[in-house]
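One structure below.
Quick caveat, the model's predicted, so the values are computed rather than measured.
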Number of protein chains: 2
Amino acid sequence: MTAKSHGSLRVVGLGPGPSAWLTEEASQALATAEHVLGYQTYLSRLPELAGKTLHGSDNGDELERARHALALAAEGAHVVIVSGGDPGVFGMAAAVFEAIEQGPAALRSLDIAVVPGVTAMLAAAARLGAPLGNDFCTLNLSDNLKPWATIEKRLSLAAQADFVLALYNPASKARTEQVHAAFDVLRRHRTPSAIVVFAKAVGRPDEELLVTTLGAADPAVADMRTLILVGAASTRRIERPLGPPWVYTPRRSIEAP
Amino acid sequence: MTAKSHGSLRVVGLGPGPSAWLTEEASQALATAEHVLGYQTYLSRLPELAGKTLHGSDNGDELERARHALALAAEGAHVVIVSGGDPGVFGMAAAVFEAIEQGPAALRSLDIAVVPGVTAMLAAAARLGAPLGNDFCTLNLSDNLKPWATIEKRLSLAAQADFVLALYNPASKARTEQVHAAFDVLRRHRTPSAIVVFAKAVGRPDEELLVTTLGAADPAVADMRTLILVGAASTRRIERPLGPPWVYTPRRSIEAP
């Protein structure tokens, strides 16, 4: 065996906010890494990176970053590539496996593992109560990598099936129209009283939770750090004297319409 | 202020398996608890519970357990109620908020928080690669608390929309027919080549991952510790020489049919 065979790649979920949402497995993977790749924003949040080679990036080319990480691991290095939230939910994991499938066959023998994390919808749900307490669908509203027709069809059928919806990546600086189009679809299938939550920067110092309804919601409040939750017909709010309302979806569902 | 006003309730996600998947926030909540409630199976996995009052239970009456936890907190105790995985995904959180809504108004002033965790589908996805790399739906196949017609409608529309599916609670000792009925629905809308994974006891010593297809799958292999993943049309497998295949769903979706 040569040194090359000892390389490894861990695709690590950091959770959506503070280090208190990091798992022990994620902390250990970071502690033993020689190279750490990821968005500069995420790297700058990590506490203990002394002695490691950091590869911060400001661009959105996940496939390029995945290839870089795989190349370093193939050369024998212990490599971590970080993802906000969970790497398997609209994070770096899919890009890594795309790069493996498209790359040289030797990559398939590398020591590769994904380290799961708390994805944004779970953190937002925890803050609110239990909005995901019944069946739900999770959609990425970005049409950078898929046709809008696919997103529209999925939104429409998920709304008809009365799933709770968790909508990731509703908008960015360059992409502001999709969230309005998405709400147009939702309004065709759900009543105006359906509960809608805009959860911004959950777990960060500037966290904001806005609980409203489909009838009253202004989709323009969503930005690239916002997760949108849309309740099912059964989703309820509980008012409380000392804080924003709780939002939860009972375990019992009403009969299919 | 009386001592009563100092009670607290934390609804804590333990992740699906080893303590390495526990978050720091969950560890801290357990460390400061005076009372810990939950399934006996989960309590017996926890390492450091000396000096705490444990309330292990073997039955499935989550609402009763939630009421007990709220009553202890209302009396001024620091209470933790544990949930496998994430408490917000078919765990204890919804039961707690049902109990709050149905209980005395004073419960709405209690110090209550949900501590998120790694839910089973994220852990199973991490083991497999990135099967949740595109839009997905999460369904609880148990019809103990909702009509089968609702489950069938949701499965049918989610399959038509080409979501990846994560199916929780496919079967139990007393409930063995639903998973067969669910596969009948899926086979009407998805091709036999669709990738299906039975992920059993992920993160436990007896973990098993079975990667198969909708055409070849035998739903009878699912039990109460199994999570089922059903791929989208675009979900792929990558064979590798030293282990089971990777399974991932590319970020690019194909056009809506």
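What you find for A/Arg237 and B/Glu101 is that their closest heavy atoms are O-OE2, 4.3 Å. For the residue pair B/Arg108 and A/Arg240, the shortest heavy atom distance occurs at O-CB, 3.4 Å. The minimum heavy-atom distance linking A/Ile112 with B/Trp246 is given by the pair O-CH2, 3.2 Å. The shortest heavy-atom contact between A/Phe90 and B/Gly133 is CD2-O, 4.1 Å.
Taken from CZ in A/Phe163 to CG in B/Leu157, the straight-line distance is 7.5 Å, to the nearest 0.5 Å. Between the CZ atom in B/Arg252 and the OG1 atom in A/Thr150 there is a gap of 12.5 Å [rounded to 0.5 Å]. Note that CG of B/Leu165 is 8.5 Å distant from SG of A/Cys137, once rounded to the nearest 0.5 Å.
Among B/Ala123, B/Ala166, B/Pro116, the residue with the largest count of heavy-atom pairs under 4.5 Å with chain A is B/Pro116. Between chain B and the options A/Glu98, A/Glu24, A/Glu25, heavy-atom pairs under 4.5 Å are most frequent for A/Glu98. In terms of non-hydrogen atom pairs under 4.5 Å with chain B, the most contact-rich of A/Gln28, A/Glu152, A/Met121, A/Glu239 is A/Glu239. Between chain A and the options B/Ile151, B/Asn134, B/Thr249, the largest number of non-hydrogen pairs under 4.5 Å is found for B/Asn134. For chain A, the option among B/Pro131, B/Gly13, B/Ala95, B/Ser27 with the highest count of heavy-atom pairs below 4.5 Å is B/Ala95. Highest contact tally toward chain A, considering only B/Asn144, B/Leu155, B/Thr138, B/Leu242, is held by B/Thr138 [criterion: heavy-atom pairs under 4.5 Å]. In terms of non-hydrogen atom pairs under 4.5 Å with chain A, the most contact-rich of B/Leu145, B/Thr23, B/Asp135 is B/Asp135. Interface remark: of the candidates A/Gly15, A/Gly243, A/Ala126, A/Ala126 forms the most heavy-atom pairs closer than 4.5 Å to chain B. Between chain B and the residues A/Ser142, A/Ala20, A/Ala130, the largest count of heavy-atom pairs under 4.5 Å involves A/Ala20. Contacts with chain B were tallied for A/Pro18, A/Gly129, A/Gly88, A/Ala105; A/Gly129 has the most, counting heavy-atom pairs under 4.5 Å.
A salt bridge is defined here as a Lys NZ or Arg NE, NH1 or NH2 lying under 4.0 Å from an Asp or Glu carboxylate O, and A/Glu62 with B/Arg251 meets this definition.
With a 4.5 Å cut-off on side-chain heavy atoms, A/Val96 and B/Tyr248 do not count as touching.
With a threshold of 4.5 angstrom between heavy atoms, B/Leu122 approaches chain A through its backbone and through its side chain. With a 4.5 Å cut-off on non-hydrogen atoms, A/Thr119 touches chain B through its backbone and its side chain both. For B/Asn140, the parts lying under 4.5 angstrom from a heavy atom of chain A are both the backbone and the side chain.
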